[in-house]
Amino acid sequence: MNKEFEKINHCLKQIRNKTDFEPLMAVVLGSGLGAYASKMEVVCEIPYSEISGFPVSTVQGHDGRFLFGYVEGVPIVAMKGRVHFYEGYAMNEVVLPIRTMGLLGAKYILLTNAAGGIDLDFSPGDLMLIKDHISSFIRSPLIGENIEELGVRFPDMSRVYDAELSECIRKAASCEGIDLKEGSYLQTSGPQFETPTEIKMFRTLGASAVGMSTVVEAIAAHHMGMRVCGISCISNMAAGILDQPLTHSEVQTTADKIAHKFERLVSILIKEIGQLKEV
């Protein structure tokens, strides 16, 4: 058996020793959704620190635990806090939680994040449906021996973000009267913010927003057959657009301000996905 697959299964067994809960959907709670647990009917919580071999976030303000429970009657597993490549973890460790949730039974996954707005029509506080991504500036999580039990060696990435799930996000936004933006998300390694010249380059390449997560998670999830969708909270305008420095506190402040709107959108989306027929 592939060593990486053995590691994932080791984590999976530890979780199964604590709960037999089987989720339909996985949700990664990025900035702005840290308090989403209050919207869940939580039946089990497992801190990452209690899972041997599991990565633990080192970023201030990022909790680290799995939440198992129900939203609108839909069984979900939520990641309250994620780990990032810039924390020093290998890329296979960064996506280990995603693969674990897939093996726990999740067929759908919603990835959320806080991002810098590159599109000049965006404003801080906007929510953006991720239609596509750019992975060219980060290491692929699929480098190395392929895990045949999860997916093929050369997976197609023509449609990473599921069209039906994206339509569910649009419908949820319309129901809540939310002006939903749409665009492509670009991931950098971080932890430094981008330079104004880099942002100009990213805009030329077609990126609408930039951040330090999500893309590698989407690749890993898509590789193993999960249906993927994503939403970015535009927490600030990217470097060079406004005449002010970028700070992590600004990102967190904006995300907190729109948390209620973001939470409503996610809850309606989960209900919509729960009504889909599995493919």
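Position 1 is the first residue of the sequence; numbering continues from there. As a basis for the values below, the full set of heavy atoms in this structure was taken, side chains included, without hydrogen atoms, waters or symmetry mates.
Pairs engaging residues 113-126 under the salt bridge (Lys or Arg N to Asp or Glu O under 4.0 Å) rule: none recorded [sequence neighbours left out]. Sorted by first and then second residue, the pairs that involve residues 196-243 and meet ring-ring contact (aromatic ring centres under 6.0 Å, His included), not counting sequence neighbours, are Phe137-Phe202. Judged as a side chain to side chain donor-acceptor pair (under 3.5 Å), the pairs with a partner in residues 260-269 (not counting sequence neighbours) are, in order, Tyr36-Ser267, Glu176-Arg264. The ring-ring contact (aromatic ring centres under 6.0 Å, His included) analysis of residues 149-190, with sequence neighbours excluded, yields the pairs His133-Tyr161. Applying the side chain to side chain donor-acceptor pair (under 3.5 Å) test to every pair with at least one member in residues 37-47, sequence neighbours left out, gives these pairs: Glu45-Arg65.
Judged by distance alone, the side chains of Glu148 and Asn146 do bring a donor and an acceptor atom under 3.5 Å apart. Checked by atom type, the side-chain pair His10/Gln14 shows a donor-acceptor distance below 3.5 Å.
With hydrogens and angles ignored, the 3.5 Å screen pairs no side-chain donor or acceptor of Lys131 with any backbone N or O of Leu129. A distance-only check finds a donor-acceptor pair linking the side chain of Gln187 to the backbone of Val215 [under 3.5 Å]. At distances below 3.5 Å, not a single donor-acceptor pair connects side-chain atoms of Arg227 with backbone N or O atoms of Asp162. Between the side chain of Glu50 and the backbone N or O of Pro47, no donor-acceptor pair lies under 3.5 Å. Remark: side-chain polar atoms of Glu87 are paired, donor with acceptor, to backbone N or O of His84 under 3.5 angstrom. Tyr48 places a side-chain N or O within donor-acceptor distance of the main-chain N or O of Gly81, the cut-off being under 3.5 Å. A side-chain donor-acceptor contact under 3.5 Å links Thr112 to the backbone of Gly30. With hydrogens and angles disregarded, no donor-acceptor distance shorter than 3.5 Å links the side chain of Ser174 to the backbone of Arg170.
With sequence neighbours left out, Ser232 forms a side-chain hydrogen bond (donor to acceptor under 3.5 Å, both in side chains) with Asn113.
Once rounded to the nearest 0.5 Å, the distance linking CD1 of Ile147 with CG of Asn92 reads 8.0 Å. Here the CD1-OG distance, from Ile231 to Ser166, works out to 9.5 Å after rounding to the nearest 0.5 Å. With rounding to the nearest 0.5 angstrom, the CG atom of Leu269 is 5.0 Å from the CD1 atom of Ile169.
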Q: Before giving the answer on ring pair (Phe, Tyr, Trp, His ring centres under 6.0 Å), spell out for Phe66 and Phe21 the whole-Å C-alpha distance, their side-chain angles and the decisive distance to 0.1 Å.
A: CA-CA 12 Å; Phe66 279 128; Phe21 188 93; over 10 Å; no

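When each of Ile51, Leu104, Asn17 is checked for a side chain to side chain contact (heavy atoms under 4.5 Å, CB included) with Leu12, only Leu104 meets the rule.
Applying the 6.0 Å contact sphere to CZ of Arg16 captures more than 12 heavy atoms from other residues, nucleotides or ligands.
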